[in-house]
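Remarks on the structure that follows.
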There are 2 protein chains.
Amino acid sequence: MTESIESYALDEQVGYLLRLANQRHASIFQSHTLEGLTPTQFAALIRIADLGKCSQNRLGRLAAMDVATIKGVVDRLRQKGFAVVEPDPDDKRRTLISLSPEGEAMVARMKDVGQQITNETLKPLTAAEQRNLVRILRKIS
Amino acid sequence: MTESIESYALDEQVGYLLRLANQRHASIFQSHTLEGLTPTQFAALIRIADLGKCSQNRLGRLAAMDVATIKGVVDRLRQKGFAVVEPDPDDKRRTLISLSPEGEAMVARMKDVGQQITNETLKPLTAAEQRNLVRILRKIS
DNA sequence: ATTCAATTGTTTGTACTATAATAAACAAAG
DNA sequence: CTTTGTTTATTATAGTACAAACAATTGAAT
C-alpha cells in the first residue's frame, strides 16, 4: 500500500452518476419534446408562464441560468416564436420577456409531455425511491 | 378546472433538479480541480488509467461520452500534456490513447481531490441519504 | 480469392450551455 | 451634481453533445 488511494471507483462517484442521469434524462426528453425544445428552454418557458412579463436577468435567476445562458435561451425561444422581447420603458438596461400566444399554447401542450418525461425518467425506481430521489436532490441543489 | 394540468411544479421535476445538482457539483469541482481539469476530462483520465492504452472510441464508450465528445476531450487532454495519441499499427482507423507520465502523476494527485469533491457535494446529506442517492442514481443511469 | 454489404472508428459541422470580462444604465449617498 | 457601487445585458471563449459524412475493416456469399 504505497499510494494514498489504491483505487478510485469512478462509477460510484456522485458527479459521474449525476452526469449519466442527466444524459439519460436529456435523451428521454428529446424523444418526447415538441419542436425541438430543450430541457433548458422548457424550464425558461415555464418560468415565463409563471412570472408573466419580466426582465431577462430576473428570468435567468429564477430559472437557474446565468446571464449568458439565459440570453441564448431567450434568443432561441424568440426565434421559435414562443417568446417576445421588448425594451423596458422605465429602465433602459432591461429587456422585458413575455410569452407569445404560440408560447402560451406550447406551455399548455408541454406540461402534459413534461409529466410523461418525468415518469419515464423515474420508471426504473419504486415509488418510494422516486420520492426519495426528488427529496434528496432538492437538498443538494 | 378547464386545463388538463393546472400547475406544473418545475421545482419538483427530476430533470430540473438533476440540472441544479449538476450545476452545484460542477461548481464544487471547479473550485478544487487542478490545472483546470473538468469533470468530463477527469472521468476520461481515470478511465485511461484503468484501461491502459485503448482506442478513442472504446474510451468514449467506457467513459459514457459519444464519439464527438471524446474526441474533444482527448484533444484537450493532449494539449494539456496528460494524454498521448498514436495510430494503431493493426487497424488504420484507430487512434490509440494512453497517459503521459504527467498524466499518470495527475491521476494520482486528482484521486484525493476527487474524493474531497464528492464529500463536499454530498455534505448536505446524512450518511444514509448519501448511500441512497448513489444507489438510486445508479439505477437510473 | 473477390466482391460487396455491413460494421466500426474517426472527424467535421452545428447547436446548446456555461464562465469570464466588458460596457451601459441606474441608484444611493455624500 | 458627482462619485461609488450595483444591476443588466452583451460578447468572447470553452466545453459538451447530436447528426452526418467519410474511411478502414470485417465477413459472408459467391
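Quick note: numbers below take in every heavy atom, side chains included, and nothing from hydrogens, waters or symmetry partners. Because the structure is a prediction, the values reported are computed rather than measured.
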- Message: Classify Thr95(A) by what it touches in the nucleic acid, base, sugar-phosphate, or nothing, heavy-atom distance under 4.0 Å.
- Response: sugar-phosphate
- Between the side chains of Arg135(B) and Asn132(B), does any donor sit under 3.5 Å from an acceptor? yes
- NZ (Lys139(B)) with more than 12 external heavy atoms under 6.0 Å: yes
- Is the shortest side-chain N to carboxylate O distance from Lys53(B) to Asp88(B) below 4.0 Å? no
- note: Asn22(B), atom CG; dT16(D), atom C1'; distance rounded to Å ~ 12 Å
- What integer distance in Å separates Leu77(B):CG from dG15(D):C1'? 12 Å
- Task: Check whether any side-chain nitrogen or oxygen of Gln23(A) sits under 4.0 Å from OP1 or OP2 of dA17(D), and answer yes or no.
- Result: yes
- Message: What I want to find out is whether Glu102(B) reaches Lys80(B) closely enough, with some N-O distance under 4.0 Å, to be called a salt bridge.
- Response: no
- Message: Does Lys71(A) reach a base, just sugar-phosphate, or nothing at all? Heavy atoms under 4.0 Å.
- Response: base
- Query: Could you state the CG-P distance from Asp66(B) to dG15(D), rounded to the nearest angstrom?
  - Reply: 16 Å
- Query: Given atom CD of Gln79(B) and atom P of dG15(D), what is their separation to the nearest angstrom?
  - Reply: 8 Å
- Task: Grab the NZ-P distance between Lys92(B) and dT26(D) for me, whole Å please.
- Result: 11 Å
- Asp91(A) CG to dT6(D) P, in whole Å, measures 17 Å
- Item | Upstream residue (5' side of DNA chain C) when Gln41(A) and Asp90(A) are each assigned their closest nucleotide | Gln41(A)
- Task: I would like to know whether Gln130(B) and Val134(B) meet side chain to side chain contact (heavy atoms under 4.5 Å, CB included); could you show each step before the answer?
- Result: CA-CA 6 Å; Gln130(B) 296 185 7; Val134(B) 170; 6.0 Å; no
- Note on the structure: Ranking Asp75(A) and Gly36(B) by the position along DNA chain D of their nearest nucleotide, the one closer to 5' is Asp75(A)
- Note on the structure: Gln56(A) has its side chain closest, among dT16(D), dA9(D), dA19(D), to dA9(D)
- Message: Can you tell me which nucleotide in dA9(D), dT25(D), dT16(D) comes closest to the side chain of Thr38(B)?
- Response: dT16(D)
- What integer distance in Å separates Asn57(A):CG from dT10(D):P? 9 Å
- Item | Quiz item: Arg94(A) side-chain donor-acceptor pair to dT8(D) base, under 3.5 Å | no
- Message: Can you tell me how the ring of Phe42(B) sits relative to the ring of Phe29(B), calling it parallel under 30°, perpendicular over 60° and tilted otherwise?
- Response: tilted
- Note: for Pro89(A) and Ser55(B) on DNA chain C, the residue whose nearest nucleotide lies more 5' is Ser55(B)
- Would you classify Arg76(A) as touching base, sugar-phosphate or nothing, given that sugar-phosphate means primed atoms plus P, OP1 and OP2, and contacts are heavy atoms under 4.0 Å? base
- Note on the structure: Counted 5' to 3', the first and last nucleotides of DNA chain C within 4.0 Å (strictly under) of a heavy-atom of chain A are dC16(C) to dC26(C)
- Query: Nearest-Å distance, CZ (Arg24(A)) to P (dC18(D))?
  - Reply: 15 Å
- Query: Would you say Arg24(A) has more than 12 foreign heavy atoms packed within less than 6.0 Å of its CZ?
  - Reply: yes
- Message: Any donor-acceptor pair under 3.5 Å linking the side-chain atoms of Thr95(A) with those of Gln56(A)?
- Response: no
